[in-house]
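To start, the structure itself, in structure tokens.
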Amino acid sequence: MNTLNLKVIRDIKARKGMFLAVTFIIFLGIAIFSSFYMSYMNLQETYNYFYEQTDFEDISINFNRAPEDIVKEIKKINGIKEVEGRISLKGFITIQNQRAVLKLISIPDEQPRVDKLVVVEGNYMAKNSKSVLLLKKFADYHDIRVGDVIHININGGEVRLEVSGLVYSPEFIWVVEESEFITTPRTFGIAYVPQKMLEEFGYKDEINEVKITVYDKRSRDEILNRALKILRPYTVINYYTVEDQPSNKLLKMDLDGFKELSILFPSFFLLISVFAVYVLLTRLIRSQSGNIAVLRALGVSKQTILQHYLKHSLFIGVSGSAVGVVVGHLSAIVLTAQYTAILNIPFYLTKVHYDVMAYGFIAGLTIPLISGFIAAKHAAELEILYGLKGYSEQTFRGIDVKRFSKLPVLVRLSIRNLFRNKKRTAYSTFSVIASIVLILSSMVFLDSMDQALDLQFNKVLAYDMDVKFNGYVNESLLKEIKSLKGVKEAYPLINTWILIERGGNSKSISLIGLEYQNLYKIYDDRGNIHMPPPEGLILPELISSNLSIVRQEKVEFLTEFGIRKAEVYDIIQIPLTPVSYANLDELQKILGIKGFNGVILNVDPDAREEVKSRLEKYKEVLRVDLIEDIEEDILELMSFFYIFIFFSLFFGASLGFASIFNTTTVNILERRREIATLKMLGYTTKELAYTLVIENFLLGLGGIVVGLPLGHLSARVFLNSFQSELYSIPFVIYPITYVLTIILVMVVLFVSLIPGIMYIHTMEIEKVTKEIVS
Amino acid sequence: MLKLDDVWKIYRMGVVDVVALKEVNLELGKKEFVVVLGPSGSGKTTLLNIIGGIDVPTKGRVVFNGLDISKLSENDLTLHRRRNIGFIFQFFNLIPTLTARENVMIAAELVKEPMDVEEVLGIVGLRKRADHFPSELSGGEQQRVAIARALVKKPPLILADEPTGSLDFETGKEVLKVMREINEKEGITIILVTHNSVIASMADRVIYLKDGRIDKIVENETPVDADELRW
């Protein structure tokens with residue numbers, strides 16, 4: 001091996017801690033990028049493959065009821081590949097005294113032409129059989145097996161069905177229950193039953209849903225309009241193309257999140273690595289200026305010196321990014337598997353994404369090479385005479401010495417050290433800032449979510465129990481409910497689903513009709529309470545801005561009772577899921593109905609189970625939810641989210657540690673002569689460590705002063721980028737989070753000092769002096 | 001081999017011009033052992049740097065084997081140093097992460113036909129210590145490695161700047177002995193800069209510098225062995 005190359009290896013070996021720290025930063029950046037980006041690609045390919053295999057719908061239209069033959073008419077529309085007409089009804093089953101709502105979907109004797117099912121256990125049902133297929137996750141949750149018999153209540157009647165198979169459907173990779181805050185298999189499932197059986201519930205030769213696939217995706221909107229024209233006479237309730245399909249939309253949002261994170265997070269690391277490589281190489285070059293001068297005097301060319309020092313950054317880049325892409329690939333497999341495990345999908349696809357690996361590798365290589373080039377150029381340009389004079393430690397300049405004359409000497413030393421190498425101090429401060437930004441950008445999700453849930457469960461939903469009926473009921477039932485023992489308060493409400501159409505755009509949204517009461521309050525994201533409007537609707541900002549709707553405008557919307565019109569009374573920013581509100585009486589007038597389809601209750605804590613079970617005995621009751629159960633479900637679903645936050649915090653702290661460790665070590669090595677001198681004078685390790693602690697404390701303080709507002713700002717931007725029309729989380733960072741961030745940053749700063757302090761402790765003064773003299 | 005013709009070196013220090021060398025005229029032949037003597041600030045190191053091509057004169061010509069090196073580009077100067085010059089410094093300037101052998105090898109790799117590294121290490125008496133790092137060698141041993149590093153390229157000229165300046169008497173003498181041997185056995189011209197006048201007695205020629213000017217040049221008819229030096 002060429003001796004200069006051998007020197008590269010020895011240089012790295014001699015400073016392995018520092019090289020490792022910088023390589024670790026590159027490694028983390030590339031590993032996060034590869035992991036998230038490959039997960040994004042794996043998931044996208046998994047969904048697409050599943051969609052292809054199952055002929056996933058392009059268009060969906062829901063309507064009240066239409067003759068089955070309407071399918072033939074729709075099929076005539078040019079460009080349509082397949083149409084599947086079906087009946088969709090709501091029912092429920094009771095398992096171990098727990099009621100769960102089932103969305104019952106009719107299926108033909110053979111697999112449907114659109115949204116085919118993947119049977120993973122058992123069989124697709126036999127012709128004319130009294131059997132049912134259940135979505136696997138729902139069956140697993142309730143421990144229902146193939147061959148079990150379940151009793152489903154539909155419109156007050158009960159049917160006995162044998163579970164013939166467990167399935168997955170492209171429609172329900174992510175199960176969403178309309179008008180519900182959260183959907184869990186505990187309370188909601190999907191069941192596929194023979195069409196003939198559902199027809200018995202008032203749908204003889206009729207359907208209320210069509211699912212369509214098209215040949216050319218570009219013609220989707222045109223086909224939708226033509227199909228809507230055919231179906232309008234049958235009271236269209238809802239419609240959407242694949243982009244707005246609830247499950248697909250949520251998956252798409254998550255995919256976008258993965259993609260965004262794969263760029264945003266690693267950018268921090270790669271930006272820090274630019275400085276880290278520069279600081280490391282500059283320090284190396286400065287300490288080797290004598291060697292460089294001798295090599296140049298011996299006849300080594302500038303080019304060779306440049307290449308020599310570039311090889312150091314090449315080592316960092318190659319090792320950091322090579323390990324990074326491999327770890328990224330492996331963790332993408334784990335992440336894809338873990339993520340798909342919480343979804344309703346029978347498989348996941350992973351492969352080696354050579355293109356992503358190549359991008360990651362090139363990025364991880366280029367960045368250290370660029371900053372390495374700047375440092376190596378200094379080495380190549382070093383004047384031989386200057387280098388031969390020997391390396392002189394950084395002198396102190398540029399600050400009024402007298403200003404600190406009253407402080408103890410060791411404190412003065414710490415302050416002046418900060419001004420010694422301003423570039424390095426700036427880099428260290430920047431590292432602290434970047435760590436704070438990363439930590440706050442992760443914590444904002446935790447705090448905002450916590451605040452939003454607190455608002456939702458402790459202020460908005462001040463009731464204990466929520467009853468949903470099969471249809472609309474009247475006052476007499478309310479009176480009965482009010483008279484139940486343990487019921488303190490009960491108020492009726494309407495919870496329905498509307499589709500607002502404006503300027504060719506349409507958005508689905510939940511509409512809640514409320515009386516003036518204290519159990520369900522309308523809050524905006526700033527915590528202001530709004531009363532149900534005396535007339536018209538309150539619309540959420542997310543929907544109104546999307547459809548360019550303004551106050552006092554009359555909007556047209558589809559309801560389960562046909563097309564209706566109402567004035568927009570107010571537009572407010574509603575936290576979490578966007579909901580529109582109306583006064584109950586007003587909504588009854590708008591819809592043209594009497595009665596309500598839900599009741600909210602305040603119940604004596606000791607009587608809750610009893611009231612719930614008594615309510616579930618009413619044939620009109622579809623389901624009863626306890627708010628505390630919903631809250632528990634949410635916390636369970638959030639576990640994946642908490643893991644993500646944990647890793648973000650870990651990355652933020654690692655970034656801070658690796659970069660601060662690097663500069664601290666450089667600082668100590670660069671000043672080892674003066675440290676040796678101070679030790680010689682009789683200063684103890686403890687006293688010398690004290691100067692370093694003061695120095696890092698001041699550094700941290702500077703970083704915190706800039707980092708907190710910057711972190712606050714970036715957290716806001718970061719959170720905003722995750723807001724969608726499906727949910728909006730109000731921005732909150734608790735004061736305690738700022739305090740914890742400061743503590744974490746300070747701990748990282750002090751922990752990164754430990755190796756340096758240990759070096760000072762074990763420093764052999766004579767050896768250092770001799771080394772410097774020679 | 002080497003001719004300096006009216007060489008001047010003027011440094012600008014702020015608004016003041018400092019004349020480090022003036023009117024230096026000198027001619028050196030092959031295989032000579034020359035000692036440059038003078039007090040601090042007399043221009044000894046500047047003269048050595050200009051001869052070695054790591055500094056350029058402000059005025060005048062430096063001709064090495066017929067080539068005016070004062071007119072060379074930086075690249076050509078690098079090649080000149082590579083082929084023709086070996087340097088020995090007061091503070092050895094060894095690369096701490098390379099062993100003695102590797103410090104010599106790094107110079108050997110610069111030329112097409114270097115001397116055998118083991119042979120050179122043998123010449124300076126370091127074969128047994130070849131695998132030691134500089135921090136494991138004594139000052140004298142480190143300077144011998146520096147001599148081996150200068151010698152291995154087989155340069156016609158070796159320039160030594162205070163090579164005994166950091167060494168004790170006995171070790172210094174050992175180093176001078178090795179240098180004289182190289183001069184005699186390998187036929188390499190050596191210019192040794194020192195402020196120690198005792199060393200002058202082992203030179204073939206002694207150049208006295210004073211205030212940047214050559215004060216006198218003394219031919220030594222009977223140079224003594226390094227062993228006989230006392231200071």
Side-chain angles (χ1 to χ4, degrees), chain A residues 1-16 19 284-285 287-309 311-312 379-392 669 672 764 766-774, chain B residues 11 45-46 48-50 52-56 74-99 101-111 117 133-139 141-143 145-146 149-150 152-153 155 159 161 166-167:
Chain A
M1 186 194 287
N2 175 301
T3 315
L4 269 177
N5 289 342
L6 188 68
K7 179 177 168 290
V8 175
I9 296 169
R10 297 263 171 82
D11 284 345
I12 293 167
K13 229 172 138 183
R15 294 164 176 81
K16 49 184 175 293
F19 271 90
L284 182 73
I285 288 163
S287 70
Q288 293 187 349
S289 58
N291 297 149
I292 297 166
V294 170
L295 289 170
R296 292 279 292 118
L298 284 173
V300 174
S301 66
K302 283 182 172 182
Q303 186 76 10
T304 309
I305 297 286
L306 182 87
Q307 285 167 359
H308 174 66
Y309 284 100
K311 281 175 190 163
H312 292 76
E381 298 292 340
L382 184 90
E383 279 183 42
I384 301 173
L385 289 178
Y386 175 80
L388 285 175
K389 277 181 197 159
Y391 157 67
S392 59
L669 285 178
R672 64 192 197 285
E764 293 169 50
E766 332 77 56
K767 206 175 166 187
V768 173
T769 323
K770 185 185 166 194
E771 188 190 317
I772 290 160
V773 167
S774 65
Chain B
Y11 293 107
T45 302
T46 307
L48 209 66
N49 290 342
I50 287 175
I54 55 178
D55 203 353
V56 285
E74 199 168 324
N75 227 9
D76 289 337
L77 266 180
T78 303
L79 291 176
H80 160 68
R81 290 197 300 270
R82 183 180 293 191
R83 289 177 198 134
N84 302 319
I85 312 288
F87 282 100
I88 301 165
F89 304 99
Q90 180 182 356
F91 294 122
F92 330 132
N93 281 332
L94 300 179
I95 295 171
T97 49
L98 298 179
T99 61
R101 181 184 284 109
E102 288 158 359
N103 264 289
V104 179
M105 279 166 66
I106 206 164
E109 284 165 6
L110 286 168
V111 290
V117 173
F133 285 97
S135 59
E136 296 162 342
L137 300 173
S138 69
E141 285 172 327
Q142 288 191 55
Q143 194 58 298
V145 179
R149 183 175 65 186
V152 76
K153 296 193 296 174
L159 305 172
D161 190 359
S166 311
L167 304 174

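Naming convention: chains lettered A, B, ... in sequence-line order (proteins, then strands); numbering from 1 in each chain. Treat the numbers as computed from the prediction; the structure is a model and nothing was measured.
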Donor-acceptor pair, side chain of B:Glu109 and main chain of B:Val104, under 3.5 angstrom:
no
Which bit of B:Gln90 comes within less than 4.5 Å of chain A, counting heavy atoms only: side chain, backbone, both or neither?
neither
Heavy-atom distance under 4.5 Å to chain A: side chain of B:Leu110, backbone, both or neither?
side chain
With a 4.5 angstrom heavy-atom cut-off, is it the side chain or the backbone of A:Ala14 that approaches chain B, or both, or neither?
side chain
Among the options B:Thr97, B:Asn75, B:Asn103, pick out the one with the most heavy-atom pairs lying under 4.5 Å from chain A.
B:Thr97
Can any side-chain N or O of A:Arg296 pair as donor or acceptor with the backbone N or O of A:Glu383 at less than 3.5 Å?
no
Sequence neighbours excluded, the answer for side chain to side chain contact (heavy atoms under 4.5 Å, CB included) partners of B:Asn49 is A:Leu385, B:Thr45, B:Ile54, B:Asp55
Examine distances only and state if a side-chain atom of B:Arg101 and a backbone atom of B:Val117 form a donor-acceptor pair shorter than 3.5 Å.
no
Comparing A:Lys7, A:Arg10, A:Lys302 against chain B, the one with the most heavy-atom pairs below 4.5 Å turns out to be A:Arg10
Heavy-atom distance under 4.5 Å to chain B: side chain of A:Ile384, backbone, both or neither?
side chain
What is the ring orientation for A:His312 with A:His308, classed by angle as parallel under 30°, tilted 30 to 60°, or perpendicular over 60°?
perpendicular
